[in-house]
Number of protein chains: 2
Amino acid sequence: MKIIKNESLSAIKTQIRQQTAQTTNPQVAISVANIISDVRQRGDAALRDYSVRFDGVALNNLKVSELDIDSAIAQVPDEVIAALKKAAANITSFHQLEVAQSFEDTTRSGVIRGTKVTPLSAVGIYVPGGTAAYPSSVLMNAIPAKIAGVANIVMVTPPQPDGLNPAVLAAAKIAGVDNIYQIGGAQAIAALAYGTETVPQVDKITGPGNAYVAAAKRAVYGQVDIDMIAGPSEIGILADDTARAEDVAADLLSQAEHDVNARAILITDSSNLATAVSAAVEQQLETLPREAIARSAIDKNGYIYLVDTIDDMIELMNAVAPEHLEIQLANAYDYMAKIQNAGSVFLGKYASEPLGDYLAGPNHILPTGGTARFSSALGVWDFQKRIQYLQYNAAALAEDANDVTALARIEGLEGHARAIESRGK
Amino acid sequence: MKIIKNESLSAIKTQIRQQTAQTTNPQVAISVANIISDVRQRGDAALRDYSVRFDGVALNNLKVSELDIDSAIAQVPDEVIAALKKAAANITSFHQLEVAQSFEDTTRSGVIRGTKVTPLSAVGIYVPGGTAAYPSSVLMNAIPAKIAGVANIVMVTPPQPDGLNPAVLAAAKIAGVDNIYQIGGAQAIAALAYGTETVPQVDKITGPGNAYVAAAKRAVYGQVDIDMIAGPSEIGILADDTARAEDVAADLLSQAEHDVNARAILITDSSNLATAVSAAVEQQLETLPREAIARSAIDKNGYIYLVDTIDDMIELMNAVAPEHLEIQLANAYDYMAKIQNAGSVFLGKYASEPLGDYLAGPNHILPTGGTARFSSALGVWDFQKRIQYLQYNAAALAEDANDVTALARIEGLEGHARAIESRGK
């Protein structure tokens, strides 16, 4: 791994900003616009055509039957089912703490002001196919929606020539997904956003996907809500002399193995650790099954920054705003107060990042590409909305009428003022 | 107003869906892309050029000085200042009820799981110029950000040949805006998203604007967060025989006067009310200063739907998902339980919609175009983010290790499994 030392903080920050510069491919956006338009016009027929063309599968049924789901699940090893159930229980207990509550304020006589928190009616979850079909992501998307009270949780996943991933179907059943359709790509996003004869229209679409899925989510944003435009995985690690180089290296590689564009950054004040981690990464890469992917990521976006103080380390990491942040410093917990920008933080040497990917309960669908500056982990709040309400009686309206009409008239909106005054007549 | 009766609910729903179909102008998107690119490259110089070209103003200073703010405020009538302060107090007391709280779960020995709620660092508020310069919107954008704890609230508003709107500057001061820049249009959005020599980069941009501002917000979404792509104003009213036709008509017109594309919909089970409201709208239009705008809106998107039952009325209104919903039914409060989709609800005959626009406290920046299906009023939550965190000790990790590695390996992510196992070595 590249070790960067003796650089100014501002030079490092400039380098960090360039790492997160976003690029979009206009050609993908054009293809996606055509697919969306086609699905809106031809519905299920378009979905079947794209399934043949992109997935190589001629489908009988877009909807996956209960029978197919149950027979697939029977193939999943018992220890995987047990692990999925344990993960689901932890995800549930964590996300129950996120539920937003309705409130009502009646402190002023004659006035009721409130907010009713209520679930979205229907949401769509995209689950990639092939090697990126992750049962853990099914749990992370569906369980918060279930806790929010969403009545119809719809999962879509690309059809596969030799059948859908059994563990993905098992996770869907454990998480309480209501309906599963075997459709993928931009065409699946279009179907969820606009509905077809078979696929119901939803209010929000969540879940990761390839460049076409991401472009389609961007295109339908506004017609439905979306969670985010997810980028490649990222890990940032703050570590000092108390950290074990082997652990740090393994955690960097756990994200690097996701994607050739993944990003793995260590910031440390220890020259010894920097050298040892760089060596350990090289050594561990040699036996990693996904070595080629991880090596590309480390070569491209793997950096070790060596700086003077822990304060400098934290300042730089807040500029990175990583999806995953590990703090392998003595008294790690105490540094949470200084963390401004990160999706999910892992404290101390035992909270290895994959614990959060799979089992501990916090969500693993997280802001990437520096967007942790302004966005958060997927949560129950993503599946709830808030409806404000207001009631006044005649006396309260009379007290406030002159203030309302003064403001309406200074804005040139006489009709607003007259609506208030109509009540006095 | 058009009165639609003897139609099936499904025919009415189809008509409602067509009313909300969104359109975008590709030419605007191309112009906006060029402006954004120019501002990124040339910074302040580009902002000054666009100010001359689009606003007809050659600026000395992009930043508005404290002196200019204070001398403008001195021109605002006392009763307007008093009304703004009363509005600010009500908005503050309502939005304080929205603050999300951090939480921490330590129920399992050796494990800490939590979420730290923290404000965004900097946000930008767009305030339109000319006749759409609304001091009330300044309060509605800035106060929730202030309550969230945002350290730098930046306001932008287009320069005006005869100076900025004094009431807008007064509202900014009352709401606690930190910095004001006189820039507008897509160039202002670009400056906030990327920063220039003078204008700071922010994390989120909120506030309404014209088609260029909306297209620019869509284009920078991902680089920064945005509140929403706001459409024309809307009001939906559910009313029965107990409602006064003059009040209903005045409230319909209070939204119709905003925009020729505004939408005003009454759904009722009373034939008498339908006829009387239609006549009252015509009569009130005749003396309304913004008659031309309101008449265009009513002609284009003004509908009275006459149906048989209150249940049918509510079902249709949930399909409308209006920005503003008035319930002028006997026992209005009791119907809140059945409202699924609306931005803000006004209950009973005295809660006229302009109360919410100006004074009562709930936010007036609301989802339009049917997006109340999945989105909510602007609130404190828009300016807060959540950072998850997790700590495990060695014993807890040992208990969970096999479950994590089982799931990692079924997903083909050996590096994830090895990161967990590294701790045991």
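Please read these numbers as outputs of a predicted model, since none were measured by experiment. So you know, we letter chains A, B, ... as the sequences are listed, proteins then strands, and number each from 1. Note: hydrogens, waters and symmetry copies are ignored here, and every other heavy atom, side chains too, is used.
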**OP:** Look at the rings of A:Tyr358 and B:His416 and say which category their plane angle falls in: under 30° parallel, 30 to 60° tilted, over 60° perpendicular.
**Re:** perpendicular
So, do [X] and [Y] sit near enough that their side-chain heavy atoms are less than 4.5 Å apart?
X	Y	result
A:Phe374	B:Lys385	no
A:Arg373	B:Leu120	no
A:Met336	B:Ile387	yes
B:Tyr389	A:Leu325	no
B:Leu407	A:Leu359	yes

Taking all non-hydrogen atoms of both residues into account, name the closest pair between [X] and [Y] and its distance.
X	Y	result
B:Ser344	A:Gln388	OG-NE2, 2.8 Å
B:Ile410	A:Pro135	CG2-CG, 4.5 Å
B:Thr118	A:Gln340	CG2-O, 4.4 Å
B:Gly222	A:Thr371	O-CG2, 3.4 Å
B:Val80	A:Ala406	CG2-O, 4.4 Å
B:Arg423	A:Glu326	NH2-OE1, 4.4 Å

Original post:
If you measure from the Lys or Arg side-chain nitrogens to the Asp or Glu carboxylate oxygens, is any gap between B:Arg418 and A:Asp247 under 4.0 Å?
Top reply: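 No, B:Arg418 and A:Asp247 are not salt-bridged.
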**OP:** Would you please name every residue forming a ring-ring contact (aromatic ring centres under 6.0 Å, His included) with A:Phe94, sequence neighbours left out?
**Re:**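 A:Phe94: ring-ring contact (aromatic ring centres under 6.0 Å, His included) contacts with B:Phe103.
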Original post:
With only heavy atoms counted, which part of A:Arg244 is less than 4.5 Å from chain B, the side chain, the backbone, both or neither?
Top reply: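 When you check distances to chain B, only side chain atoms of A:Arg244 fall under 4.5 Å.
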**OP:** Using a cut-off of under 4.5 Å on heavy-atom pairs, state which of A:Asp105, A:Leu253, A:Val111, A:Val224 scores highest against chain B.
**Re:** A:Val224
Original post:
Can you tell me how far the CG atom of B:Leu355 sits from the CZ atom of A:Arg113, to the nearest 0.5 Å?
Top reply: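 Atom-to-atom, B:Leu355:CG and A:Arg113:CZ are 11.5 Å apart.
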**OP:** Can you sort out the partners of B:Lys204 under salt bridge (Lys or Arg N to Asp or Glu O under 4.0 Å), two or more places apart, ordered by chain and number?
**Re:**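 If we apply the salt bridge (Lys or Arg N to Asp or Glu O under 4.0 Å) test to B:Lys204, skipping adjacent residues, the hits are B:Asp225, B:Asp382.
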